[in-house]
Amino acid sequence: MLNRRLFCALALAATSLLSAPAAFAQSDDYPSRPVKLIVPYAAGGGTDAIARLVANGVGEKLGQSMVVENNGSAGGNVASQQAANADPDGYTVLMANQGPMVVNPHLFKNMKLDPLTAFDPVTLIAESPLVLVVSKNSPYKSFADLVAYGKANPGELTYGSAGNGSASHLATELFLSQAGLEAVHVPYKGAGPALNDMLGGRGDFMVTTLPSVLGLMNSGDMVPLAVTTTERVASLKDVPTIAESGYPDYVSAAWYGFAVPKGTPAPIIEKLRTATVEALAAPTVKERLEAEGAVIVGDTPQEFGDMMKAESQRWASFLTDAGISID
């Protein structure tokens, strides 16, 4: 009887080893081919710019290229679903940020995906300020001018965003709520298309990430009126914060991280995280991000996951109180 029990135990152990996910066995030589990075916004925006910068650095550290694929449909929901459906083998990574990960589940009534359970966090890459901009031909020469017009003409202002649920959308709605203003929202599939329309005279203002609009500000085509952080941005010392302009409780920032399909083996997640942290420390990446006002993080999966849970609760409360939803 003892020998029979021992035989069964050994057989069970052997079966468990043979049936373990193939990805575990492959983690030692990961990656052996290019890694896809899905960005839930169109090319040309702040998320895309940071994704491409970091992807180049991570690819160098991994020894395989990290290829960016953009998909801005449905506020990033299509991209999130695409990434969630991918094999959990480390070869598909989602550029995870505020909208798709923690806002959209509370914003879109018919959204079936829960990103916080569909993905495993890898690391928070960076946090970045947003800036309220107008075109160079705008009649609004200051933040006070814009607010004054909005108060005198309710509902006549129009603003663009990188998409429903994006950082630019929520930062604007938070500002409008605190200022007691009404404005018409025009969502795009990324900051790039929205800014292009503003250049063409369509839209009064936009709150967007600094990387997405820095070039247009340097050329003089866009004019910054305020920033969304509690303190002024070093590269925009003459631009006031919204908080110091009459709304002391206002603060909003964009954030960017990496997430992978649920069930991706821990050794692969750690390889991705290590490569990302090392890439963020490289002078070419570090200096570029900091020049654009970003604060580099590179935390643990646990810390990133906890942060997203807290962000989810924060924006769920705001959206409910503000009565904002999309069918």
Side-chain angles (χ1 to χ4, degrees), residues 21-23 26-27 30-59 62 64-108 110-126 162-167 189-191 254-273 275-276 279 299 301 304-305 307-309 311-312 315:
Q26 297 170 356
S27 63
Y30 170 85
S32 59
R33 64 178 190 271
V35 176
K36 180 190 297 183
L37 175 60
I38 297 178
V39 177
Y41 297 104
T47 303
D48 178 67
I50 289 180
R52 292 179 185 277
L53 174 66
V54 177
N56 287 336
V58 173
L62 289 176
Q64 289 284 347
S65 60
M66 181 173 263
V67 182
V68 174
E69 180 178 301
N70 299 87
N71 191 334
S73 300
N77 290 342
V78 175
S80 297
Q81 189 68 65
Q82 176 189 356
N85 291 341
D87 291 334
D89 54 10
Y91 289 97
T92 299
V93 180
L94 178 69
M95 187 66 171
N97 66 357
Q98 188 181 56
M101 294 301 294
V102 304
V103 173
N104 289 2
H106 311 295
L107 182 66
F108 291 84
N110 298 322
M111 185 172 173
K112 298 179 181 179
L113 177 72
D114 180 358
L116 295 185
T117 59
F119 293 96
D120 286 325
V122 177
T123 188
L124 176 63
I125 293 170
N164 287 313
S166 65
K189 292 183 178 181
W255 48 264
Y256 315 90
F258 283 161
V260 290
K262 191 72 175 181
T264 300
I268 289 179
I269 291 177
E270 184 55 31
K271 279 191 176 183
L272 272 171
R273 192 194 76 85
T276 304
D299 58 4
F304 185 29
M307 175 268 200
M308 287 193 288
K309 290 176 184 177
E311 279 281 278
S312 178
W315 288 111

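Numbers here simply count residues along the sequence, with the first being 1.
- Atom-to-atom distance recorded for Q81:CD and L113:CG is 5.0 Å, nearest 0.5 angstrom.
- Annotation for M308 and M101: closest pair SD-CE, 3.7 Å, computed over non-hydrogen atoms.
- Counting heavy atoms from C-beta outward, Y256 and M95 have side chains that approach closer than 4.5 Å.
- Seen from the ring of F258, R273 does not count as a face-on cation partner, given the 6.0 Å and 45° thresholds.
- For the side chain to side chain contact (heavy atoms under 4.5 Å, CB included) with F119, the qualifying choice from T264, L94, V93 is L94, the only one to do so.
- Residues V35 and S65 fail the side-chain proximity criterion, which asks for heavy atoms closer than 4.5 Å.
- The residues D114 and K262 are annotated as not salt-bridged, no charged nitrogen and carboxylate oxygen being separated by less than 4.0 angstrom.
- Residue L53 holds its CG atom at 9.5 Å from CD1 of I125, rounded to the nearest 0.5 Å.
- Residue E69 holds its CD atom at 13.0 Å from CE of M66, rounded to the nearest 0.5 Å.
- In this structure, the separation between CD on Q98 and OG on S312 is 11.0 Å, given to the nearest 0.5 Å.
- The line from CG of N104 to CG of N164 is 8.0 Å long, rounded to the nearest 0.5 Å.
- Partners of N71 by side chain to side chain donor-acceptor pair (under 3.5 Å), not counting sequence neighbours, listed by chain and number: S73.
- Across all non-hydrogen atoms, the minimal contact from L62 to A275 is CD2-CB, 3.7 Å.
- Annotation for Y41 and G99: closest pair OH-CA, 4.1 Å, computed over non-hydrogen atoms.
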